[in-house]
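Read through the structure below, which is laid out as structure tokens, and then see the notes.
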Amino acid sequence: MPVLVMKFGGTSVADLARIRNAAQKVKREVARGHDVIVIVSAMSGRTNELVGWVEETSPLFDAREYDAVVSSGENVTAGLMALTLQEMDVPARSWQGWQVPLMTTSAHSAARIEEIPRANIDAKFAEGMRVAVVAGFQGISPEGRITTLGRGGSDTTAVAFAAAFDAVRCDIYTDVDGVYTTDPRIEDKARKLDKIAFEEMLELASLGAKVLQTRSVELAMRYKVKLRVLSSFEETDETSGTLVCDEEEIMEQNVVSGVAYQRDEAKMTLISVADRPGIAAAIFGPLAKAGVNVDMIVQNISEEGRTDMTFSCPVNQVARAQKAMEDARTSGEIDFHDLVADTDVAKISVVGIGMRSHAGVASTMFDALSREGINIKVITTSEIKISVLIDRKYMELAVQALHDAFELDNAA
Ligand code: ASP
Ligand code: MG
């Protein structure tokens with residue numbers, strides 16, 4: 001029988017009534033002739049609570065025990081979902097990661113999936129089980145310890161199962177009814193997209209449209225898994241939600257698909273560093289080692305062998321970045337006059353695969369911002385994305401202005 005993967009996020013399994021609601025959707029797909037693999041998250045709020053308990057018990061916790069505790073939320077929902085399905089006369093069985101076994105690396109709290117052997121679950125399907133309910137977010141290391149895949153990791157579990165079992169589709173049920181052209185809380189004309197290309201979703205996911213874990217999209221793109229995002233709180237059919245798919249499957253396409261934002265950015269400028277070969281490596285090596293996620297980088301015009309280097313990073317990493325730079329100065333790796341941090345900036349990006357074949361996106365973007373009197377501090381571009389740093393107080397205005405300028409409320 002064709003396999004369908006259905007993933008239910010935390011709000012979709014937040015209590016017993018919602019688990020029953022989700023189970024109804026599963027039962028319907030079984031009736032349509034699918035063998036179903038259901039991936040469940042922990043009940044909403046539970047993982048945060050577990051993380052809190054770990055941190056309170058042991059601030060410098062052993063990551064193996066963090067995983068032992070934090071993975072447990074999913075075990076509860078997997079068992080409850082299997083019981084609920086059984087009560088509805090659907091032959092179902094729950095699986096924890098180690099029982100599959102979902103093999104991962106030993107990078108505790110950020111493990112990567114290595115392999116999902118099908119034999120155990122296939123054997124149960126062959127015996128008449130119709131639904132395998134799998135605890136998301138967890139696996140087992142080569143050492144035989146429980147691992148977790150990083151926050152939001154159940155999405156990645158779901159896509160990995162869809163790839164391993166050649167699923168017809170991977171449906172991600174959540175509390176929104178799809179992927180939008182921008183955040184509807186900021187722009188009420190935001191429009192739900194019927195389809196979005198993997199590359200665009202990847203940019204939007206990593207830019208802060210928090211619908212899917214970034215790694216799940218990377219995985220779906222690599223294995224060409226058809227991924228669908230839809231609401232568990234509405235009546236849905238085959239056409240509901242947003243399909244994340246190969247760009248060849250998208251016929252009509254706006255040049256720009258969406259506007260994303262990242263509220264808590266910081267702009268850091270190293271004033272007057274030596275302009276010499278190796279200087280970028282000497283700056284960004286220590287930042288990487290210190291775990292600073294550098295995003296945009298601009299090297300300014302140089303004068304008499306000195307230059308300014310500007311980069312952006314999340315606001316909560318500013319202290320770490322400052323320390324890394326001071327340490328590098330003390331050890332003589334770099335020298336600079338000053339390190340200036342601007343912690344009141346936000347990043348706004350427009351994303352669209354249509355940019356590959358259409359000129360003028362940058363000028364439309366800059367025009368729209370200038371009409372609102374918004375000053376651009378840093379610009380970076382890629383093949384399908386243009387990002388700018390602006391003052392945070394203009395973030396909402398900028399999102400709205402760009403949504404208008406690219407007429408994103410109208411479908412192509
Ligand atoms: N429960 C985990 C988390 O909250 C995994 C997930 O829901 O995807 O991060
Ligand atoms: Mg999630």
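Please read these numbers as outputs of a predicted model, since none were measured by experiment. Atoms within each ligand, like the ligands themselves, are counted from 1 in listed order.
Annotation: atom 7 (O) of ligand 1 to nearest protein heavy atom, Ser41 OG, 2.9 Å. The nearest heavy-atom contact from the protein to atom 6 (C) of ligand 1 is Ser154 OG, 3.3 Å.
Panel note: side chain Thr105, backbone Arg112; a donor-acceptor pair is recorded below 3.5 Å. Counting only distance, with no hydrogens or angles, the side chain of Ser141 and the backbone of Glu143 share a donor-acceptor pair below 3.5 Å.
The list of side chain to side chain donor-acceptor pair (under 3.5 Å) pairs with a residue in residues 399-408, not counting sequence neighbours, reads Thr181-His403, Lys189-Asp404.
The heavy atom nearest to atom 5 (C) of ligand 1, considering only Arg151, Arg46, Glu74, is found in Glu74.
Here Arg228 pairs with Asp171 in a salt bridge; the nearest charged N to carboxylate O distance falls below 4.0 Å. A salt bridge links Arg118 to Asp166: at least one charged side-chain nitrogen sits closer than 4.0 Å to a carboxylate oxygen.
The salt bridge (Lys or Arg N to Asp or Glu O under 4.0 Å) search around Glu218 returns none, not counting sequence neighbours.
Of all atoms in ligand 1, numbered sequentially from 1 with element shown, those under 4.0 Å from a heavy atom of Phe137 are 2 (C), 5 (C).
Backbone and side-chain nitrogen or oxygen atoms of Gly152 are examined, and one is located within less than 3.5 angstrom of a nitrogen or oxygen of ligand 1. Residue contacts with ligand 1: Asp155 is placed with no nitrogen or oxygen under 3.5 Å of a nitrogen or oxygen of the ligand (distance criterion only).
Ligand 1 is approached by Gly153 to a heavy-atom distance shorter than 4.0 Å. Using a non-hydrogen distance threshold of 4.0 Å, Gly9 does not register as a contact of ligand 1.
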